[in-house]
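Sequential numbering from 1 along the given sequence is applied to the chain's residues.
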Amino acid sequence: QAAVAVQDVRKTYQVGEPVHALDGVSLKLKRGSYTAVMGPSGSGKSTLMNLIGCLDTPTEGRVIVNGKDVTQLSSRERTRLRGSEIGFVFQTFNLMPRLTAQENIVQPMVAQKVSRSERNERAKQLLERVGLGDRAGHRPNELSGGQRQRVSIARALANDPALILTDEPTGNLDSKTGANIMELFSELHEGGNTILMVTHDRDIAEHADKIIHLLDGVIEREETVDSPVRPT
Ligand code: ADP
Ligand code: ADP
């Protein structure tokens with residue numbers, strides 16, 4: 001069973017003239033695969049991520065995440081699926097500014113009703129895992145960009161999701177810091193997570209095993225990366 005299956009999906013936005021953001025897209029992500037999505041602005045990358053991330057539903061077609069047909073779920077069930085099975089990492093980190101690193105990581109576990117002691121224990125372990133064991137009490141504005149992105153990766157992992165979705169994870173980072181963050185994603189890949197990453201940066205995309213090129217709402221081509229970048 002695939003981690004994600006997108007079947008002949010169309011997404012039409014109706015604001016005056018209809019816009020076909022996705023116009024017949026089908027793809028499968030195998031369990032444990034690492035895939036990049038590239039394409040010019042407006043090609044449908046964010047729309048595709050939002051559908052796979054259960055943030056939105058298609059106009060036509062089906063989106064199946066971990067065997068569940070997202071189009072058949074109520075919005076409450078979608079929220080639940082999103083919280084337990086998908087981790088999001090954004091370009092802008094999206095951390096809560098008033099909360100410490102530890103508190104930010106704990107948040108998704110509150111929604112899943114994990115006990116307080118287990119939440120705190122797990123947040124501590126996750127901070128260690130991303131190399132921030134000594135920053136638990138720091139707020140986002142007391143952390144560097146790279147450290148903020150590490151916190152947001154730890155938060156994405158809070159409920160141990162099989163699927164990680166990330167949109168330009170290194171977009172706000174210098175290249176050296178970005179390379180460190182990409183190493184973390186490679187570690188997640190080696191640990192068995194399925195990763196889908198949107199990027200317009202070819203060097204970043206080449207960390208994945210496969211690149212899907214979107215153009216005007218359709219898959220223009222799929223490319224296998226010959227020798228994906230891996231940590232040394
Ligand atoms: P990308 O992420 O590749 O830049 P998007 O998926 O954001 O592309 O957008 C694809 C197309 O859908 C664009 O033409 C965009 O203007 C349109 N679009 C995206 N989101 C909305 C929305 N919420 N309402 C109306 N049109 C939208
Ligand atoms: P990284 O390579 O992870 O982005 P930097 O080299 O940017 O880290 O940061 C080095 C150190 O400076 C870090 O230990 C971080 O705690 C500290 N630092 C960076 N930015 C800030 C800030 N805005 N406020 C307080 N400390 C900061």
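Residue Arg10 places its CZ atom among more than 12 non-hydrogen atoms of other residues, nucleotides or ligands, all under 6.0 Å distant. More than 12 heavy atoms of other residues, nucleotides or ligands sit less than 6.0 Å from atom CG of Asn94. Around CZ of Arg202, the count of heavy atoms belonging to other residues, nucleotides or ligands within 6.0 Å exceeds 12.
Listed here is the closest heavy atom pair of Val25 and Gly217: CG2-O, 3.3 Å. Contact detail for Ser33 and Lys30: the closest heavy-atom pair is OG-O, 2.6 Å. When every heavy atom of Cys54 is checked against every heavy atom of Val70, the shortest pair comes out as SG-CG2, 3.7 Å. The two atoms that bring Ala154 and Ile105 nearest to each other are CB-CD1, 3.6 Å, heavy atoms only. Taking each heavy atom of Glu223 and Arg221 in turn, the nearest pair found is OE1-NH1, 3.8 Å. Here the closest heavy-atom approach between residue Phe93 and residue Gly145 is recorded as CZ-O, 3.7 Å.
A side-chain donor-acceptor contact under 3.5 Å links Arg139 to the backbone of Arg98. A donor-acceptor pair under 3.5 Å is absent between the side-chain atoms of Asp167 and the main chain of Ser46, judged by distance alone. Between the side chain of Lys45 and the backbone N or O of Pro40, at least one donor-acceptor pair lies under 3.5 Å. With Asn193 contributing its side chain and Ile195 its backbone, the two residues share no donor-acceptor pair below 3.5 Å. Arg150 contributes no side-chain N or O that, together with a main-chain N or O of Ile181, makes up a donor-acceptor pair within less than 3.5 Å.
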Using the rule given for side chain to side chain contact (heavy atoms under 4.5 Å, CB included), can you reason through Val6 versus Leu51, listing the C-alpha separation, both sets of side-chain angles and the distance that settles it, and then say yes or no?
CA-CA 9 Å; Val6 171; Leu51 293 176; over 6 Å; no

Test side chain to side chain contact (heavy atoms under 4.5 Å, CB included) on Arg82 and Thr79; report intermediate values, then the result.
CA-CA 5 Å; Arg82 189 164 69 237; Thr79 302; 3.8 Å; yes

Please determine whether side-chain hydrogen bond (donor to acceptor under 3.5 Å, both in side chains) holds for the pair Thr199 and Asp201, giving the CA-CA distance in whole Å, both sets of side-chain angles, and the decisive distance to 0.1 Å.
CA-CA 5 Å; Thr199 181; Asp201 185 333; 5.4 Å; no

Leu188/Leu157 under side chain to side chain contact (heavy atoms under 4.5 Å, CB included): CA gap, chis, key distance, verdict:
CA-CA 10 Å; Leu188 296 179; Leu157 297 175; 3.7 Å; yes

Carefully, step by step, assess Arg122 and Glu118 under the rule salt bridge (charged side-chain N to carboxylate O under 4.0 Å, His left out).
CA-CA 6 Å; Arg122 189 156 164 73; Glu118 199 181 328; over 6 Å; no

Can you list the steps and then say if Asp174 with Thr177 is a side-chain hydrogen bond (donor to acceptor under 3.5 Å, both in side chains)?
CA-CA 5 Å; Asp174 63 68; Thr177 308; 2.9 Å; yes

Applying side chain to side chain contact (heavy atoms under 4.5 Å, CB included) to Leu163 and Leu165, what does each step give before you reach the verdict?
CA-CA 7 Å; Leu163 176 62; Leu165 300 181; 4.0 Å; yes

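Inspection of the Gln72 and Arg62 side chains reveals no N or O donor paired with an N or O acceptor under 3.5 Å. Ser74 and Glu77 form a side-chain donor-acceptor contact under 3.5 Å, judged by distance and modelled atom types alone.
Val89 and Ile86 end up in different hydrophobic clusters when Ile, Leu, Val, Met, Phe, Trp and Tyr side chains are linked at under 4.5 Å. Note: the hydrophobic cluster containing Phe90 does not contain Leu99 (ILVMFWY, side chain heavy atoms under 4.5 Å, direct or indirect links). Using a 4.5 Å cut-off between side-chain heavy atoms of Ile, Leu, Val, Met, Phe, Trp and Tyr, with links allowed through other members, Ile211 and Val37 fall into different hydrophobic clusters. One hydrophobic cluster holds both Val63 and Phe88 under the rule that ILVMFWY side chains link at heavy-atom gaps under 4.5 Å. In terms of hydrophobic clustering, with Ile, Leu, Val, Met, Phe, Trp and Tyr side chains grouped at heavy-atom distances under 4.5 Å, Leu126 and Ile164 are assigned to a common cluster.
Between Glu85 and the choices Lys68, Arg80, Arg78, the salt bridge (charged side-chain N to carboxylate O under 4.0 Å, His left out) rule is met once, by Lys68. Each of Thr194, Ile52, Thr35 was evaluated against Val4; a single residue qualifies, Ile52, per the side chain to side chain contact (heavy atoms under 4.5 Å, CB included) test.
The residues Arg119 and Glu121 are annotated as not salt-bridged, no charged nitrogen and carboxylate oxygen being separated by less than 4.0 angstrom. A salt bridge between Lys124 and Glu128 is absent, with no side-chain N of the basic residue lying under 4.0 Å from a carboxylate O of the acidic one. The residues Asp209 and Arg230 are annotated as salt-bridged, a charged nitrogen and a carboxylate oxygen being separated by less than 4.0 angstrom.
Distance check: Asp23 CG to Leu214 CG gives 11.5 Å after rounding to the nearest 0.5 Å. The distance from atom CG of Leu55 to atom OG of Ser75, rounded to the nearest 0.5 Å, is 11.5 Å. Put simply, CG on Leu196 and OG1 on Thr166 are 9.0 Å apart, with the number rounded to the nearest 0.5 Å. Atom NZ of Lys28 is separated from atom CD1 of Ile64 by 8.5 Å, given to the nearest 0.5 angstrom. Taking CD1 from Ile204 and OG1 from Thr170, the interatomic distance works out to 3.5 Å, rounded to the nearest 0.5 Å. Here Asn180 contributes atom CG and Glu183 contributes atom CD; the two are 6.0 Å apart, rounded to the nearest 0.5 Å.
The closest side-chain heavy-atom distance from Asn104 to Pro140 is below 4.5 Å. In this structure, His138 and Leu143 have side chains that are in contact, with non-hydrogen atoms separated by less than 4.5 Å. Inter-residue side-chain proximity for Glu60 and Asp8 is flagged as unmet; no heavy-atom pair is nearer than 4.5 Å. Within the 4.5 Å cutoff, the side chain of Leu127 has heavy atoms near those of the Gln102 side chain. Looking at Asn159 and Pro108, their side chains come closer than 4.5 Å, going by heavy atoms from C-beta outward. Side-chain atoms of His213 and Glu222, non-hydrogen and from C-beta on, never get closer than 4.5 Å to each other. In this structure the side chain of Lys11 never reaches within 4.5 angstrom of the side chain of His20, judged on heavy atoms. Using a 4.5 Å cut-off on side-chain heavy atoms (C-beta onward), Met197 and Pro169 make contact.
For residues 176-198, every residue pair satisfying the ring-ring contact (aromatic ring centres under 6.0 Å, His included) rule, not counting sequence neighbours, is listed here: Tyr34-His189.
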